[in-house]
Amino acid sequence: MRFRRMGACAAIAAVYVALSLLVAIVSFKHIVPRTITFLILATVFSLGSIMLAQFGFVVSVARLQMRPSTAAYTALFSAIALAGLTYLLMRAMVTVPLVILFIMALRSLSMMLLAASVGYLVSFIVREPNILLPVGLFAAMVDFWGVNWGPVSKAIAKAPGVVAAVSVHVPTPVPGLPGTTIGVGDFVFMALFFGILYRFSMNVKGAFWLGYALLTLAMAVVMITNLSVPALVPMALAVLVMNMRQFKLSRDELRSTAIAGVFLAAIMVIMTVFVFK
C-alpha cells in the first residue's frame with residue numbers, strides 16, 4: 001500500500017512537471033492561436049490541469065502518512081534540492097531554454113515537496129480533530145489579513161521579486177496574460193490540513209474536490225482581475241465545510257474559540273492601523 005501511494009505521488013509529480021513544461025513551451029513559442037475562443041479554452045485547461053496537479057501532489061504527500069522522522073528527512077532532501085536548483089538558475093549555468101524551463105518546473109516541485117513535508121510534520125502537533133476547526137478559521141483570518149493589509153501585502157508592493165521567489169508559479173499559455181502564484185505557506189497549510197484529515201479518517205475526498213474547485217476559481221479571479229486572493233481562505237472553507245459534522249466542540253470550547261477569534265481580529269486591526277499603515 002505504501003509503495004502504491006508513493007507511486008501515485010511520483011506520477012502526479014511527473015504530470016505536474018510535464019504540464020508546466022507544456023504550458024511554458026506553448027507560451028514561449030506563441031503556439032496558441034490568437035482568437036478569443038482558443039485563448040479562453042487554453043487558459044481554462046492550463047489553469048485547471050496545473051492546479052489539479054499541484055493540489056493533488058501536496059495531498060498525495062499527506063496521503064503517504066509518513067512517520068515524523070521520514071517527513072523531516074523528506075523536508076531536508078527537498079530543501080537541498082531547492083537550494084541546488086535555485087543556484088543553477090541564479091548563476092545562469094544553463095543556457096538551453098528547454099532545460100531552463102525543466103529546471104524551473106523541478107524547482108517549483110521541490111518547493112511544494114518542502115512545504116508539504118513541513119506542513120505534514122506540523123500536523124502531528126494536533127492530537128484531536130476538534131482542533132482543526134480553530135486552526136482552519138484562524139489560518140484563514142490571518143491569511144486574508146496578511147494578503148490584503150498585512151506583511152504579505154507590503155512585501156508584494158515593496159519587494160515583488162522576493163515574494164515571487166518563495167511562491168509557486170501557475171503559468172498560462174496565452175501570450176500577454178500573466179500567470180498567478182501560490183505562496184509556499186499556503187502549501188504548508190494544505191499539507192497540515194490533509195495530514196489531519198487522513199490521520200483521523202475524516203472527509204478527505206469532499207474536502208479535496210471542493211477545495212480544488214474553490215482554489216481554481218480563486219486563481220482565475222486573480223488571473224483576470226490581478227487582485228490578490230488569499231489561497232487559504234477557500235482551502236480552509238472547503239476543509240471545514242466538508243467536515244463540519246465531525247467537530248464535537250463543547251459550549252466552553254466554542255466560547256473559547258470565539259473569544260480567541262475576536263482577540264486575533266483586534267490584534268490584526270491594531271497592527272493594520274499602527275504597524276502596516
Side-chain angles (χ1 to χ4, degrees), residues 5 9 51-52 54-72 74-75 112-147 150 152 182-218 229-268:
R5 291 175 179 175
C9 188
M51 284 296 301
L52 182 60
Q54 288 182 342
F55 191 26
F57 175 71
V58 174
V59 173
S60 70
V61 172
R63 184 171 178 262
L64 292 175
Q65 300 184 54
M66 299 178 285
R67 295 178 179 177
S69 58
T70 305
T74 303
M112 287 190 294
L113 180 58
L114 174 59
S117 301
V118 171
Y120 182 76
L121 194 59
V122 174
S123 72
F124 283 98
I125 298 175
V126 177
R127 298 298 183 181
E128 58 172 321
N130 283 339
I131 303 298
L132 182 58
L133 179 59
V135 168
L137 289 174
F138 297 157
M141 288 175 59
V142 172
D143 194 38
F144 183 81
W145 167 75
V147 169
V152 177
I182 300 179
V184 66
D186 296 323
F187 290 111
V188 171
F189 274 94
M190 288 180 194
L192 188 155
F193 289 155
F194 280 89
I196 296 171
L197 295 183
Y198 274 114
R199 186 178 311 118
F200 295 108
S201 301
M202 301 173 77
N203 188 359
V204 175
K205 185 179 294 186
F208 175 85
W209 287 113
L210 180 58
Y212 166 65
L214 294 178
L215 277 173
T216 304
L217 179 61
V229 178
L232 268 185
V233 173
M235 186 67 261
L237 178 64
V239 169
L240 298 182
V241 167
M242 299 307 296
N243 291 276
M244 190 59 68
R245 293 183 178 180
Q246 302 196 41
F247 299 130
K248 308 296 183 181
L249 273 72
S250 66
R251 182 174 300 178
D252 289 339
E253 289 173 330
L254 288 172
R255 185 184 299 112
S256 299
T257 300
I259 293 173
V262 172
F263 182 70
L264 179 61
I267 291 177
M268 290 188 292

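Along the sequence shown, residues are numbered consecutively beginning with 1.
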Sequence neighbours excluded, the answer for ring pair (Phe, Tyr, Trp, His ring centres under 6.0 Å) partners of Y198 is none
Residues passing the ring pair (Phe, Tyr, Trp, His ring centres under 6.0 Å) test with F194, sequence neighbours excluded, are F55
One should read off an interatomic distance between L217 CG and M51 CE, to the nearest 0.5 angstrom, of 10.5 Å
Heavy atoms of A62 and G195 approach each other most closely as CB-N, 3.8 Å
Tightest non-hydrogen contact, residues A231 and I182, listed as CB-CG2, 4.4 Å
What one should report as the nearest heavy-atom pair of Q246 and S201 is OE1-O, 4.2 Å
Check residues 116-125 and write down every donor-acceptor pair under 3.5 Å in which the side-chain atom is one partner and the other belongs to a residue at least two apart or another chain.
| from | atom 1 | to | atom 2 | distance (Å) |
| --- | --- | --- | --- | --- |
| S117 | OG | L113 | O | 2.7 |
| Y120 | OH | M66 | N | 3.1 |
| Y120 | OH | M66 | O | 3.1 |
| S123 | OG | Y120 | O | 2.5 |
| S123 | OG | R199 | NH2 | 3.0 |

Residues pairing under salt bridge (charged side-chain N to carboxylate O under 4.0 Å, His left out) where one sits in residues 251-263, two or more places apart or in two chains, turn out to be D252-R255
Exercise. Check whether any side-chain heavy atom of L52 lies under 4.5 Å from a side-chain heavy atom of F208, and answer yes or no.
Key: yes
Could you go through residues 131-139 and list every donor-acceptor pair under 3.5 Å that involves a side-chain atom there, pairing it with any protein atom two or more places apart or in another chain?
none

Sequence neighbours left out, cut at 3.5 Å: what donor-acceptor pairs do the side chains of residues 234-245 make with other protein atoms?
| from | atom 1 | to | atom 2 | distance (Å) |
| --- | --- | --- | --- | --- |
| N243 | OD1 | N203 | N | 2.7 |
| N243 | ND2 | V239 | O | 2.8 |

Original post:
Is there a side-chain contact between M190 and V59, using heavy atoms and a 4.5 Å cut-off?
Top reply: no
Which of V152, V147, L264 passes side chain to side chain contact (heavy atoms under 4.5 Å, CB included) with V142? It is L264
Between the CZ atom in F144 and the CE atom in M268, the distance rounded to the nearest 0.5 Å is 9.5 Å
